[in-house]
Novice: 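I'd like to ask you about the structure that follows.
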Protein chains: 2
Amino acid sequence: MVKYREQALDQVFQALSDPTRRAIVRALAKRERTAGELATPFDMSLAAVSKHLKLLEEAGLMTRRIEGRTHYCRLNLGGLERAQGWLSFYERFWSERLDKLAEIVSEDG
Amino acid sequence: MVKYREQALDQVFQALSDPTRRAIVRALAKRERTAGELATPFDMSLAAVSKHLKLLEEAGLMTRRIEGRTHYCRLNLGGLERAQGWLSFYERFWSERLDKLAEIVSEDG
DNA sequence: AATACACTTAACCATATGGTTAAGTATAGA
DNA sequence: TCTATACTTAACCATATGGTTAAGTGTATT
């Protein structure tokens with residue numbers, strides 16, 4: 001099960017490592033979009049975007065609702081939470097750093 | 001300069017998408033380590049780990065201090081901050097979600 | 001019934017990735 | 001000075017990635 005989590009992280013970070021996919025995530029952050037809507041801003045084929053969508057879905061960053069012939073895509077917070085979760089492990093470093101800074105600042109010697 | 005930031009994000013997320021590299025980051029989180037120390041836990045050649053270290057360095061996740069023939073590696077918070085920064089854009093969604101939950105819970109109708 | 005639309009999937013291609021072994025570089029120790 | 005140590009770099013390989021075009025699937029329109 002550790003394996004599972006590891007692979008899920010692989011997928012999320014891998015998904016976020018591509019600028020097109022990050023742009024799609026940002027677009028989805030605002031509101032639900034169809035595959036076609038998502039594709040138009042990009043200088044690449046619909047087929048290429050379609051593959052990105054599949055990847056985002058598999059990484060747990062997106063869900064899809066099919067209505068007739070159009071695919072409505074929504075942001076899935078699961079993937080983002082997973083990434084955040086891993087990174088939050090390091091928040092203590094930021095805190096520690098801030099603590100040290102506070103110490104230095106408050107030194108009255 | 002947007003391009004620059006984008007590429008930096010590509011590199012950070014790409015670096016974090018590999019389990020070996022994440023493990024190295026975790027190891028560095030505890031304390032400074034030499035390249036050799038970092039390599040021993042893994043079932044792969046030192047050369048392979050060396051390439052991972054180079055990648056982590058380029059992604060801004062690690063720095064290196066060479067003393068004689070040994071390379072001392074340290075965590076570089078820059079890369080982690082960059083990743084956190086991008087993800088923190090979405091924190092408002094978590095907040096919003098929590099707000100909505102709070103609303104629902106507090107409904108007295 | 002025929003055709004346009006909104007997609008996905010398949011086949012293909014060039015380049016990137018993650019590993020290997022072998023060779024190279026530079027310092028430390030005998 | 002010779003050899004061991006602590007690495008990196010080079011050459012290579014198999015598989016993954018990110019794009020293409022062409023074909024396929026299913027729904028809407030006329």
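Note that this is a predicted model, so its numbers are computed, not measured. First the proteins, then the strands, lettered A, B, ... as listed; each starts at 1.
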Novice: Rounded to whole angstroms, how far apart are CG on B/Leu53 and P on C/dG18?
Specialist: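 It works out to 13 Å between those atoms.
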
Novice: Using a cut-off of 4.0 Å between protein heavy atoms and nucleotide atoms, how would you tag nucleotides 23-30 of chain D 5' to 3' with B, S and -?
Specialist: ---BBS--

Novice: Select base, sugar-phosphate, or nothing to describe what B/Thr70 touches, counting heavy atoms under 4.0 Å on all strands.
Specialist: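 Contact class for B/Thr70: sugar-phosphate only.
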
Novice: Tell me every residue that passes side-chain hydrogen bond (donor to acceptor under 3.5 Å, both in side chains) with B/Arg26, counting only those two or more places apart in sequence or in another chain.
Specialist: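 Partners of B/Arg26 under the side-chain hydrogen bond (donor to acceptor under 3.5 Å, both in side chains) test: none.
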
Novice: Output all residues satisfying side chain to side chain contact (heavy atoms under 4.5 Å, CB included) with A/Ala23, sequence neighbours left out; order by chain, then residue number.
Specialist: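 A/Phe42.
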
Novice: What is the distance from CG of A/Leu16 to C1' of D/dT17, rounded to the nearest Å?
Specialist: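 About 16 Å, once rounded to whole Å.
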
Novice: Whole angstroms only, please: what is the CZ-P distance between B/Phe13 and C/dT17?
Specialist: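 Interatomic distance, CZ of B/Phe13 to P of C/dT17: 16 Å.
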
Novice: Under the side chain to side chain contact (heavy atoms under 4.5 Å, CB included) test, which residues partner B/Pro41, sequence neighbours left out?
Specialist: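 Side chain to side chain contact (heavy atoms under 4.5 Å, CB included) check on B/Pro41 returns nothing, list empty.
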
Novice: Identify, with sequence neighbours excluded, every residue that meets side chain to side chain contact (heavy atoms under 4.5 Å, CB included) alongside B/Gln11.
Specialist: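 B/Glu58, B/Ala59.
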
Novice: Would you say the side-chain atoms of A/Asn76 pair up with the backbone N or O of A/Thr63, donor to acceptor, closer than 3.5 Å?
Specialist: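 The answer is no, because no donor-acceptor pair under 3.5 Å joins these two groups.
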
Novice: Rounded to whole Å, how long is the line connecting atom NZ of B/Lys54 with atom P of D/dC7?
Specialist: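 After rounding, the gap between these two atoms is 17 Å.
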
Novice: Among residues at least two apart in sequence or on other chains, which ones pass side-chain hydrogen bond (donor to acceptor under 3.5 Å, both in side chains) with B/Arg65?
Specialist: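 Scan of B/Arg65 (side-chain hydrogen bond (donor to acceptor under 3.5 Å, both in side chains), adjacent residues dropped) gives B/Glu32, B/Glu67.
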
Novice: So, do B/Gln84 and A/Gln84 sit near enough that their side-chain heavy atoms are less than 4.5 Å apart?
Specialist: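 A side-chain contact exists here, since the closest heavy-atom pair is under 4.5 Å.
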
Novice: So does B/His52 get a side-chain nitrogen or oxygen closer than 4.0 Å to the phosphate oxygens (OP1/OP2) of C/dT17?
Specialist: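 Indeed not, no polar side-chain atom of B/His52 lies that close.
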
Novice: More than 12 heavy atoms of other residues, nucleotides or ligands under 6.0 Å from CZ of A/Arg74: is that the case?
Specialist: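 No, CZ of A/Arg74 has 12 or fewer neighbouring heavy atoms, counting only those of other groups under 6.0 Å.
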
Novice: Please work out which residues in residues 34-48 of chain B have a non-hydrogen atom less than 4.0 Å from an atom of DNA chain D and list them by number.
Specialist: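 Hits under 4.0 Å, by residue number: B/Thr34, B/Ala35, B/Gly36, B/Leu46, B/Ala47.
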
Novice: Hey, does the side chain of A/His71 come within less than 4.0 Å of C/dA6's phosphate (OP1/OP2), counting only N and O?
Specialist: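 No, no such contact exists.
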
Novice: Applying side chain to side chain contact (heavy atoms under 4.5 Å, CB included), can you list everything that pairs with B/Arg69, at least two apart in sequence or on another chain?
Specialist: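 Per chain and number, B/Arg69 pairs via side chain to side chain contact (heavy atoms under 4.5 Å, CB included) with no residue.
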
Novice: Just the table, please: protein N/O against nucleotides 11-16 of chain D N/O, every pair under 3.5 Å.
Specialist:
none

Novice: Rounded to the nearest Å, what distance is computed from the CG atom of residue A/Asp18 to the P atom of nucleotide C/dT17?
Specialist: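 For the pair A/Asp18 CG and C/dT17 P, the rounded distance is 12 Å.
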
Novice: Which pairs with one or both residues in residues 7-17 of chain B pass salt bridge (Lys or Arg N to Asp or Glu O under 4.0 Å), sequence neighbours excluded?
Specialist: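 Sorted pair list: A/Arg22-B/Asp10.
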
Novice: Could you state the CD1-P distance from B/Ile66 to C/dA26, rounded to the nearest angstrom?
Specialist: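 The distance from CD1 of B/Ile66 to P of C/dA26 comes to 11 Å, rounded to the nearest Å.
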
Novice: Quick one: which residue pairs count as a side-chain hydrogen bond (donor to acceptor under 3.5 Å, both in side chains) with a foot in residues 36-56 of chain A, not counting sequence neighbours?
Specialist: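 Counting only pairs at least two positions apart or across chains, the side-chain hydrogen bond (donor to acceptor under 3.5 Å, both in side chains) contacts touching residues 36-56 of chain A are A/Arg21-A/His52.
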
Novice: For DNA chain D, whose closest nucleotide is more 5', that of B/Arg64 or that of A/Ser17?
Specialist: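 Residue closer to the 5' terminus by nearest nucleotide: B/Arg64.
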
